[in-house]
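Residue numbers run from 1 in the order of the sequence given.
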Amino acid sequence: QVQLVESGGGLVEAGGSLRLSCAVSGRTFNWWVVGWFRQAPGKEREFVSAVSRTGGGTRYADAVKGRFTISRDNAKNTVYLQVNSLKPEDAAVYYCAASYSVDAYAIWTTSNDYEHWGQGTQVTVSS
């Protein structure tokens, strides 16, 4: 059973930063592609960023390019999302998701590609 637990959300002023973490249970973490999605009230869940299972490949939504950085530490079974220069429109519940892949270069950007999801962490940005 794979479990994902997000942490690191909170209230931050516009322009501020947070580091979100996604801890993934299980001994096969280096076989999982991991992505971050977010959902604001009244809006659909949207892709934010994803990282290949080796960490060698990353992908970002246009809205966050240059401000957010995804990384993973396979020794700690954790994926991080560094979020900088936060804007009010970044406020949302952030979810991490994971899916098994034999392809070392796979990176997925749609929620349907992911099998396992965390419960989310709230990011609130004050203007």
List the atom of Asp90, the atom of Arg38, and the distance in Å for their closest heavy-atom pair.
OD1-NH1, 2.9 Å

State whether the side chain of Glu6 and the backbone N or O of Gly120 hold a donor-acceptor pair below 3.5 Å, judged by distance alone.
yes

Step through the shown structure and confirm whether more than 12 heavy atoms of other residues, nucleotides or ligands are within 6.0 Å of CD on Glu115.
yes

Rounding to 0.5 Å, atoms CZ (Phe47) and CZ (Arg59) come to a distance of 7.0 Å

Has the side chain of Ser85 got a donor or acceptor atom that lies under 3.5 Å from a matching backbone atom of Arg67?
no

To check you understand the geometry: which heavy-atom pair defines the closest contact between Ala106 and Ser101, and what is its length?
CB-OG, 3.5 Å

So how far is it from Ser49 OG to Tyr60 OH, rounded to the nearest 0.5 Å?
4.5 Å

Step by step, work out the side-chain contact (heavy atoms from CB on, under 4.5 Å) result for Ser71 and Asp73.
CA-CA 7 Å; Ser71 61; Asp73 185 337; over 6 Å; no

State yes or no: do Tyr94 and Val34 share one hydrophobic cluster built from I, L, V, M, F, W and Y residues joined by side-chain heavy-atom distances below 4.5 Å, directly or via other members?
yes

Tell me whether the count of non-hydrogen atoms from other residues, nucleotides or ligands lying under 6.0 Å of OH in Tyr105 goes above 12.
no

Tell me if the CD atom of Gln3 is crowded by more than 12 foreign heavy atoms within 6.0 Å.
no

Just by modelled atom types, is the Ala23 backbone N or O under 3.5 Å from a matching donor or acceptor in the Asn77 side chain?
no

Residues in salt bridge (charged side-chain N to carboxylate O under 4.0 Å, His left out) with Asp103, at least two apart?
none

Are any of the side-chain nitrogens in Lys65 or Asp62 under 4.0 Å away from the carboxylate oxygens of its partner?
yes

Using the six-membered ring wherever Trp is involved, compare the ring planes of Trp117 and Tyr95 and label them parallel, tilted or perpendicular (cut-offs 30° and 60°).
perpendicular

Path from Val123 to Phe37 over hydrophobic side-chain contacts below 4.5 Å:
no

Of all heavy-atom pairs linking Ala14 and Ser127, the shortest is CB-CA, 4.3 Å

Over-ring placement of Arg72 relative to Phe29, 6.0 Å and 45° cut-offs
yes

side-chain contact (heavy atoms from CB on, under 4.5 Å), that's the test. Do Ser7 and Thr121 meet it? Break it down for me.
CA-CA 6 Å; Ser7 62; Thr121 186; 5.6 Å; no

Side-chain heavy atoms nearer than 4.5 Å, only ILVMFWY residues, links allowed to pass through others: does that put Trp36 and Val12 together?
yes

State which residues pass ring-ring contact (aromatic ring centres under 6.0 Å, His included) with Tyr80; sequence neighbours excluded, sorted by chain then number.
none

